[in-house]
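To keep things clear, I will list the structure first and then write my remarks on it.
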Amino acid sequence: MAKEITSRSEDYSQWYNDIVKKAGMADHSAVRGCMVIKPNGFAIWEKMKAQLDKMFKDTGHVNAYFPLFIPKSFLSKEAQHVEGFAKECAVVTHHRLMNDPNGNGVIVDPTAKLEEELIVRPTSETIIWNTYKDWIQSYRDLPLLINQWANVVRWELRTRPFIRTAEFLWQEGHTAHATKEEAVKETLLILDLYAKFAEEYMAMPVIKGVKTENERFAGAEDTYTIEALMQDGKALQAGTSHFLGQNFAKAFDVTFLNEHQKEELVWATSWGVSTRLIGGLIMTHSDDDGLIIPPRLATTPVVIVPIPKPTDAITEVADQIIAALKAKGINAKYDQDKKKRPGFKFAEYEMRGVPVRLGIGQRDLDKGVVEVARRDTKEKTSQPLEGIADYIENLLEEIQTNLFNRALKFRDDRITKADNMDEFKEIINTKGGFVSAHWDGTTETEVKIKELTKATIRCIPIDAEAEEGTCILTGKPSGKRVLFAKAY
RNA sequence: CGGGAUGUAGCUCAGUCCGGUAGAGUACUCGUCUGGGGGGCGAGUGGUCGCAGGUUCAAAUCCUGUCAUCCCGACCA
């Protein structure tokens, strides 16, 4: 069998790039750091988007759309915020092109300089809060629960498909509340929603936690995160939900009259997940044979391959199976391509991550069975044609569960306690994964540990148990363990 | 943004040192024999050698610049 994908043990980075390419997820584009998301990759995003959108709406949020361009002056209104993004912004300075008088194509028309430069949004807090100022007058206008699906640009110097690209797609929720309690509650509601989505739909186990001051979003009071663990032992920040306090309300002067006719600043949250999740999906489940898509995110979770090629008898059975699956809301495809051989198709669908493959040949028909191959374990069995749709429906659920449990075991096996720096370094440098250790709570110590080990504090887990201990670096007292890891 | 490497057919790459008609495998197209895990045989299509300058009678090859990609580092979601 011709290997098209580099094995993980040989070169993990190359393996990831091979999957992205060979599974038809994305291509590089002519623009540095930007990728073309191809139909196979975009289909997964569409599935994610549909589910998340439903979850947002079920919790009372509505969608809107704000401009791509942000006046430069907006960005400087919140000091912490601008500091966090200033280094990676694309700036629009002109609005017109002209023919080069020297005949070398087009040039920027120097007379068309913008009076105020525009920033291509790296995130939309500023333009949204500038708008909310006009929308919010009274406590009756609150809460304001708005989400937008959009693209954003962060001028990254080192990019990887899906994991970190200069332009990416995401959703960003921006909510305004009358009280701190309500805003905190919203932040945690979304954190739970993200975790539920990651675990139940992506089959990607995550740890919910709070970011340290050093790692938190620029302009936030608290940043909550879901952290996932990739197969190479590195952590991936998969989604964040921020409690913004009154920082943006102050910066944009967003106030309301409360029930007692007293003016107050509003309380804010923002939260987002991006196409980065697709990278997480790949690195959570896929193997050396290619992509593995959890059934709930597969546009076409079942494919039927005629062996060796379509005949009337095979086609009739395939059509019956497709109809029976469709009645259950399961989308299936029958591959009638006569030019490609079955073996080729098997390899191709495995590479593309299709969860279940059915093989039907005359021998199967004679016995009243079909061959069922599951992508997660690569196990093949013969199943009676009778009741096959029920069997597949259950199998898809089983695959979904198995993928999650497999990833969960992998993750849990890689949460290791360390009680001193020697242990810590040993774990980070060999086993990888999360290291659970005591920390004195200072940024100084966190930065020092990063310098020594390249590991950062991924989060302070929400369910961290109180435990008296001493900081692994400074020996100062600590009340609970935090999770360290090397991260993407 | 620093260090290293690479850009030649859709893909993987040879040719570059030492300038002289653009190559192979694979893919694709057609035909044919096949047919339960990436088929065999035969014939064919396909490239301004990343882009822009320069040196030269002559540039994929030498020089300069530039763009992009990969790996490592710093930075960051």
Side-chain angles (χ1 to χ4, degrees), chain A residues 1-6 11-14 16-18 20-22 24 27-35 83-89 104-105 122-123 152-170 172 211 214-218 220 223 225-228 234-242 270-277 279-280 289-290 305-311 314 338-352 357-367 369-371 373 378 380 382 447 450-451 454 456 458-459 487-488:
Chain A
M1 186 165 106
K3 271 288 176 195
E4 306 231 16
I5 296 173
T6 308
D11 184 341
Y12 188 84
S13 292
Q14 192 55 47
Y16 178 81
N17 291 335
D18 286 351
V20 167
K21 187 141 208 183
K22 297 294 165 57
D27 266 345
H28 289 294
S29 73
V31 183
R32 181 193 189 94
C34 295
M35 61 175 175
E83 203 174 301
F85 290 102
K87 282 176 282 183
E88 44 185 29
C89 287
N104 297 321
T123 178
V152 286
V153 169
R154 296 181 190 175
W155 211 260
E156 296 293 344
L157 299 171
R158 187 170 174 188
T159 60
R160 294 190 86 189
F162 295 111
I163 296 297
R164 175 171 284 109
T165 47
E167 179 193 11
F168 57 91
L169 305 182
W170 77 346
E172 48 181 324
K211 287 290 188 185
N214 189 46
E215 295 277 332
R216 87 168 60 117
F217 175 75
T223 288
T225 178
I226 51 170
E227 297 283 326
K234 286 169 81 174
L236 183 80
Q237 178 176 306
T240 46
S241 183
H242 314 289
S270 73
W271 28 273
V273 294
S274 72
T275 37
R276 177 179 242 202
L277 286 177
D289 294 312
V305 177
I307 298 168
K309 59 183 176 184
T311 63
I314 294 172
K338 292 177 185 140
K339 303 284 182 180
K340 296 196 172 75
R341 302 159 59 82
F344 181 87
K345 291 177 182 176
F346 294 171
E348 189 73 10
Y349 288 118
E350 274 161 20
M351 199 147 69
R352 288 174 175 258
R357 185 187 70 235
L358 305 183
I360 310 177
Q362 191 53 49
R363 282 184 223 160
D364 302 301
L365 293 185
D366 294 344
K367 286 186 282 187
V369 299
V370 295
E371 180 188 85
K378 302 203 70 190
K380 285 201 290 197
S382 265
V447 169
K450 185 184 177 184
E451 276 170 22
K454 287 174 189 159
T456 50
R458 300 322 302 153
C459 69
Y488 276 96

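Reminder, nothing fancy here: chain letters follow the sequence lines and each chain counts from 1.
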Side-chain N,O (A/Asn17) to OP1/OP2 (B/C71) below 4.0 Å: yes
Just call it for A/Ile163: base, sugar-phosphate, or nothing, with non-hydrogen atoms closer than 4.0 Å on any strand. base
When the C1' atoms of B/G50 and B/A60 are compared, how many Å lie between them, rounded to an integer? 12 Å
For B/A60, give its Watson-Crick or G-U wobble partner with both distances under 3.5 Å, or none. none
Would A/Val305 and A/Leu358 count as a side chain to side chain contact (heavy atoms under 4.5 Å, CB included) if you check the C-alpha gap in whole Å, the side-chain angles of each, and the deciding distance to 0.1 Å? CA-CA 6 Å; A/Val305 177; A/Leu358 305 183; over 6 Å; no
Indicate, with a heavy-atom threshold strictly under 4.0 Å, whether A/Thr225 touches base, sugar-phosphate, or nothing. nothing
Sticking with atom C1', work out how far B/A27 lies from B/C63, rounded to a whole angstrom. 37 Å
Assigned partner base of B/G35, Watson-Crick or wobble definition, under 3.5 Å: none
Nearest-Å distance once atom P is located in both B/A24 and B/A43: 13 Å
Does any nucleotide pair with B/G2 by Watson-Crick or G-U wobble geometry, both distances under 3.5 Å, and what is it? B/C72
Under 3.5 Å for both donor-acceptor distances, Watson-Crick or wobble: does B/C30 have a partner, and if so which one? B/G42
Contact nearer the 5' end of RNA chain B, comparing A/Arg216 with A/Ile307: A/Ile307
How would you label the contact of A/Glu88 with the nucleic acid (heavy atoms, under 4.0 Å): base, sugar-phosphate, or nothing? sugar-phosphate
With a 4.0 Å cut-off on heavy atoms, is A/Asp11 in touch with a base, just the backbone sugar-phosphate, or nothing at all? nothing
Gap in Å between the two P atoms, one belonging to B/C28 and one to B/C18, rounded: 41 Å
Describe the nucleic acid contact of A/Gly280 in one word from base, sugar-phosphate, nothing, applying a heavy-atom distance below 4.0 Å. nothing
If pairing requires Watson-Crick or G-U wobble contacts with both distances under 3.5 Å, which nucleotide is the partner of B/A22? none
Assert: residue with more 5' nearest nucleotide on RNA chain B, out of A/Arg276 and A/Ile360, is A/Ile360
Residue pair A/Leu236 / A/Gly280: nearest heavy atoms and the distance that separates them: CD2-CA, 3.5 Å
Could you check whether A/Thr165 gets within reach of a base, just the sugar-phosphate, or nothing at all, counting any heavy atom under 4.0 Å? base
Minimum heavy-atom distance between A/Pro161 and A/Val20, given as atom pair plus value: CB-CG1, 4.0 Å
Please determine whether side chain to side chain contact (heavy atoms under 4.5 Å, CB included) holds for the pair A/Arg458 and A/Glu215, giving the CA-CA distance in whole Å, both sets of side-chain angles, and the decisive distance to 0.1 Å. CA-CA 8 Å; A/Arg458 300 322 302 153; A/Glu215 295 277 332; 3.5 Å; yes
Look at all strands and tell whether A/Lys380 reaches a base, only sugar-phosphate, or nothing, counting heavy atoms closer than 4.0 Å. base
Candidates B/C75, B/G38, B/G37 - which lies nearest the side chain of A/Met351: B/G38
Assign A/Arg357 to base, sugar-phosphate, or nothing according to its heavy-atom contacts below 4.0 angstrom with the strands shown. base
Under 3.5 Å between N/O atoms: give me all the protein pairs with nucleotides 45-47 of chain B, atom names plus distance.
none

More than 12 non-hydrogen atoms from neighbouring residues, nucleotides or ligands closer than 6.0 Å to CH2 on A/Trp155, yes or no? no
Under 4.0 angstrom between A/Lys454 side-chain N/O and B/A74 OP1 or OP2: no
With the threshold set at 4.0 Å, does a side-chain nitrogen-carboxylate oxygen contact exist between A/Glu156 and A/Lys87? no
Looking only at heavy atoms, the pair that brings A/Thr456 and A/Lys450 closest together is CG2-CD, 3.5 Å
When rounded to the nearest 0.5 Å, the distance separating CD of A/Glu172 from OG of A/Ser274 is 11.5 Å
Rounded to the nearest 0.5 Å, what separates atom OG1 in A/Thr223 from atom CZ in A/Arg216? 6.5 Å
Walk me through whether A/Thr240 and A/Trp271 qualify under side chain to side chain contact (heavy atoms under 4.5 Å, CB included). CA-CA 6 Å; A/Thr240 46; A/Trp271 28 273; over 6 Å; no
Give me the distances for all protein-to-nucleotides 1-7 of chain B N/O pairs that come in under 3.5 Å?
none

Using a 4.0 Å heavy-atom cut-off across all strands, classify A/Gln14 as base, sugar-phosphate, or nothing. nothing
Mind checking the P distance from B/G23 to B/A9? Whole angstroms is fine. 14 Å
Identify the two heavy atoms, one from A/Gln362 and one from A/Ile314, that lie closest to each other, and give their separation to 0.1 Å. N-CD1, 4.4 Å
Within the 4.0 Å heavy-atom criterion, would you say A/Lys309 contacts the bases, only the backbone, or no part of the nucleic acid? base
P atoms of B/G7 and B/U61, separation to the nearest Å: 12 Å
For atom C1', what is the distance between B/C62 and B/G46, given to the nearest Å? 30 Å
Base, sugar-phosphate alone, or nothing: which one does A/Phe168 contact when heavy atoms must sit under 4.0 Å apart? base
Sugar-phosphate or base contact per nucleotide [nucleotides 28-33 of chain B; S, B, -; heavy atom under 4.0 Å]: ------
If you take atom types as modelled and just measure distance, does the side chain of A/Gln362 reach the base of B/G36 with a donor-acceptor pair under 3.5 Å? no
Taking the P atom in each of B/G42 and B/U8, what is the distance between them to the nearest angstrom? 29 Å
Please lay out, stage by stage, how A/Ile307 and A/Phe346 fare under the test side chain to side chain contact (heavy atoms under 4.5 Å, CB included). CA-CA 11 Å; A/Ile307 298 168; A/Phe346 294 171; 3.8 Å; yes
Show the nearest heavy-atom pair for residues A/Arg160 and A/Thr165, with the distance to one decimal. O-CG2, 3.6 Å
Taking all atoms of both residues into account, what is the closest heavy-atom pair of A/Ala166 and A/Cys34, and its distance? CB-SG, 4.1 Å
In whole angstroms, the gap separating C1' of B/A77 from CD of A/Glu156 amounts to 7 Å
Looking at A/Phe162, I'd like to know if the NZ or CZ of A/Arg276 sits under 6.0 Å from its six-membered ring centre while staying within 45 degrees of the ring's axis. no
note: A/Phe217, atom CZ; B/A77, atom C1'; distance rounded to Å ~ 10 Å
Figure out the NZ/P separation between A/Lys338 and B/G35, and round it to whole Å. 18 Å
